[in-house]
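In what follows, a single structure is set out as structure tokens and then discussed.
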2 protein chains.
Amino acid sequence: MVPPEGHGGGEGKVPEGHARAEARLPDGYDKYAFEPFAVAVDLAVFTVRGGEMQALLIRRGQEPYAGRWALPGGFVRPDESAETAARRELAEETGLSGTAAAGLHLEQLRTYSEPGRDPRMRVVSVAYTALVPDLPEPRGGGDAAHAQWLPLSGLGIRAEHEAVQAGREGAVVDDRALSRGTVLAFDHDRILAHARERVRAKLEYTGLATSFCPPEFTLGELQQVYEAVWGTPLDRPNFRRKVLATPGLVEPVPGAARLTKGRGKPAALYRAGGAAALHPPLLRPSREGRPA
Amino acid sequence: MVPPEGHGGGEGKVPEGHARAEARLPDGYDKYAFEPFAVAVDLAVFTVRGGEMQALLIRRGQEPYAGRWALPGGFVRPDESAETAARRELAEETGLSGTAAAGLHLEQLRTYSEPGRDPRMRVVSVAYTALVPDLPEPRGGGDAAHAQWLPLSGLGIRAEHEAVQAGREGAVVDDRALSRGTVLAFDHDRILAHARERVRAKLEYTGLATSFCPPEFTLGELQQVYEAVWGTPLDRPNFRRKVLATPGLVEPVPGAARLTKGRGKPAALYRAGGAAALHPPLLRPSREGRPA
DNA sequence: CCAAAAGTGTTCAGGGTACACCCATGC
DNA sequence: GCATGGGTGTACCCTGAACACTTTTGG
């Protein structure tokens with residue numbers, strides 16, 4: 001912050017830059033005195049389909065990285081925040097209406113600003129993670145049907161324990177050891193890997209898993225979300241008890257019940273609870289070291 | 001990302017903007033076709049002194065917000081990443097040499113991009129959190145001695161449970177209910193509150209607390225860090241056992257021992273362990289709801 | 001000898017894991 | 001009836017909380 005002044009000292013720390021620096025007013029500032037940064041948003045949109053996590057990706061038509069998959073995204077417009085831009089892109093890319101997209105979970109992940117990450121110009125990208133339920137036909141409704149769900153397993157995104165082996169021991173996964181190769185355009189492998197790790201971790205201590213579910217869901221469906229994201233089978237009785245014992249995670253829909261796959265006993269329905277933070281957390285099992 | 005192309009579709013989604021948009025080349029792009037964004041870094045630098053968390057702040061000398069405290073920070077230069085810029089600013093502001101500052105914990109917090117956050121122009125700020133030990137004289141060694149440590153308790157930064165009361169129930173504190181008023185310049189109250197909450201949370205499941213300690217420290221000192229950050233007294237025997245039972249948190253310095261305040265039994269010395277992630281986590285007690 | 005800080009031992013309750021068992025529905 | 005998924009009960013283990021106690025230093 002504190003643009004032209006530097007900070008407190010008052011010696012006008014404007015970056016010298018190779019920019020079109022005109023007169024740098026001593027008491028004012030010149031909007032165009034800096035090397036231009038483009039500010040964009042990138043979206044890591046996840047869903048759970050067919051028992052595994054999938055990401056919404058876009059096939060690039062032009063250089064650089066023509067033909068490669070990339071994260072959806074776009075520029076931040078002059079009058080909007082990155083958050084707003086991300087929400088707008090999310091609605092466009094999922095093909096949902098603005099009001100429908102407003103209910104989706106959207107969360108800032110982190111910002112990627114390495115100078116060389118786009119070969120054409122300096123682009124600073126604020127990455128967001130979005131979680132959507134398994135929509136019937138989630139692609140862009142109109143012409144932008146180039147968006148597609150792809151399972152993470154086919155994208156060289158490593159599971160955490162593999163990455164930990166590749167890197168050093170108990171690192172919190174800020175590393176780039178998470179993506180096996182360069183499958184996606186730009187640094188999107190890294191972004192997607194970071195986003196996936198964040199989601200995996202957040203399922204433990206937040207009610208995030210319900211964002212993958214439709215408005216009303218059964219505990220079996222919720223368990224499938226956990227199992228898909230963590231890649232671990234869970235004990236059904238214990239899962240059930242933990243979820244119901246966690247205040248604010250889910251709340252029952254009074255009389256409702258539904259069959260799951262045409263088979264078995266009809267299951268009670270639940271809605272997402274209001275609480276975002278879970279106490280106690282719902283820990284995933286094993287994690288190299290202690291048993292289960 | 002994917003600057004001038006939009007994404008895959010190929011319809012050149014360049015933001016229209018009130019910008020100096022000249023000819024928008026269909027296959028190329030114009031670096032200056034966008035409203036200029038300034039990209040800056042803001043630093044929330046914390047230490048533990050006198051039994052409480054303190055932040056490094058700077059007194060602003062000019063408008064806007066002249067006379068108010070602000071977070072240290074500065075612009076990202078054309079050839080550096082936000083990470084590099086943050087590291088550079090951290091070294092400048094703490095007065096440490098580059099090599100000494102390289103050892104400090106520095107971590108990206110999140111990015112603030114609301115259009116009106118700086119009244120003068122559009123500034124997108126990537127905020128970082130830094131943790132430093134209680135340095136003897138941590139201010140800028142030279143002329144920039146305007147940086148000062150201030151206890152958070154005097155800045156209207158709420159504790160988590162207060163913020164939770166103010167907001168809704170178990171929210172994960174992405175709210176602005178964390179800062180009581182507007183004490184700092186710009187949106188720095190909010191940034192500082194977010195940073196503090198992150199540090200508090202991260203102490204539970206990472207080895208971050210050692211970043212507040214000198215290279216060699218006693219378990220008593222480490223415990224004081226936890227107690228200061230969480231604002232809760234901890235049971236010494238249990239703390240001791242947990243820390244020593246957590247692989248990679250600390251490692252003993254073979255023969256060393258030191259007195260703590262001239263009094264009592266000399267304590268064994270420890271170094272920070274290599275592990276960043278703790279299993280099992282070191283949970284803080286109570287947290288409104290379950291006892292302790 | 002006393003105060004202060006470090007370090008050890010022990011008890012006890014709650015929560016997590018594992019697993020056995022019963023219920024309801026479609027075919 | 002049988003397969004499939006939903007739901008309940010229970011025994012055991014282990015961690016974490018509480019607290020009593022010993023050790024080593026300076027005054």
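The chains referred to below are lettered A, B, ... by the order of the sequence lines, with proteins before strands, and numbering in each begins at 1.
Listed pair A:T260 / D:dT4 fails the phosphate criterion, with no side-chain N or O lying under 4.0 Å from OP1 or OP2.
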I need a per-nucleotide contact map over nucleotides 20-27 of chain D, read 5' to 3'. Cutoff is protein heavy atoms under 4.0 Å; write B for the base, S for backbone only, - otherwise. B--BBBBS
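In this structure, CG of A:D235 is placed 13 Å from P of C:dG16, rounded to the nearest angstrom. Here C:dG15 presents its P atom at 15 Å from CG of A:L244, a figure rounded to the nearest Å. For the pair B:H279 NE2 and D:dT15 P, the interatomic distance rounds to 16 Å; values are reported in whole Å. Atom CG in B:L283 sits roughly 10 Å away from atom C1' in D:dG16 (whole-Å rounding). A:L222 places its CG atom 16 Å from the C1' atom of D:dG5, with the value rounded to the nearest Å. For B:L219 and C:dA5, the CG to C1' distance is 12 Å, given to the nearest whole Å. Separating the CZ atom of B:R284 from the C1' atom of D:dA17 is a distance of 18 Å, rounded to the nearest angstrom. Taking atom CZ of A:R240 as the reference point, atom P of C:dT17 lies 17 Å away to the nearest angstrom.
Applying the side-chain hydrogen bond (donor to acceptor under 3.5 Å, both in side chains) rule to A:T260 yields no partners; only residues at least two apart in sequence or on another chain are considered. With sequence neighbours excluded, no residue satisfies side-chain hydrogen bond (donor to acceptor under 3.5 Å, both in side chains) with B:E251. For B:R87, there are no salt bridge (charged side-chain N to carboxylate O under 4.0 Å, His left out) partners at least two apart in sequence or on another chain. Scanning for ring pair (Phe, Tyr, Trp, His ring centres under 6.0 Å) contacts around A:W230 gives A:Y226, with sequence neighbours left out. Not counting sequence neighbours, the partners of A:D235 by the side-chain hydrogen bond (donor to acceptor under 3.5 Å, both in side chains) test are A:N238. Contacts of B:E221 classified as side-chain hydrogen bond (donor to acceptor under 3.5 Å, both in side chains), with partners at least two apart in sequence or in another chain: B:R258.
DNA chain D is contacted by no residue of residues 207-216 of chain A, taking any non-hydrogen atom closer than 4.0 Å.
Taking CG from B:L219 and OH from B:Y270, the interatomic distance works out to 4.5 Å, rounded to the nearest 0.5 Å.
Residues in residues 263-275 of chain B take part in these salt bridge (charged side-chain N to carboxylate O under 4.0 Å, His left out) pairs, two or more places apart or across chains: B:E216-B:R271. Listed by first and then second residue, the salt bridge (charged side-chain N to carboxylate O under 4.0 Å, His left out) pairs that reach into residues 222-233 of chain A come to none, sequence neighbours excluded.
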Check nucleotides 10-14 of chain D for protein N or O atoms closer than 3.5 Å to its own N or O atoms and list the pairs.
{"from": "D:dT10", "atom 1": "O4", "to": "A:R241", "atom 2": "NH2", "distance (Å)": "3.2"}

Which pairs of donor and acceptor atoms, one on a side chain in residues 96-104 of chain A, lie under 3.5 Å apart (sequence neighbours left out)?
{"from": "A:S97", "atom 1": "OG", "to": "A:T99", "atom 2": "OG1", "distance (Å)": "3.1"}
{"from": "A:S97", "atom 1": "OG", "to": "A:A100", "atom 2": "N", "distance (Å)": "3.2"}

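When every heavy atom of B:L71 is checked against every heavy atom of B:I191, the shortest pair comes out as CD1-CG2, 3.6 Å.
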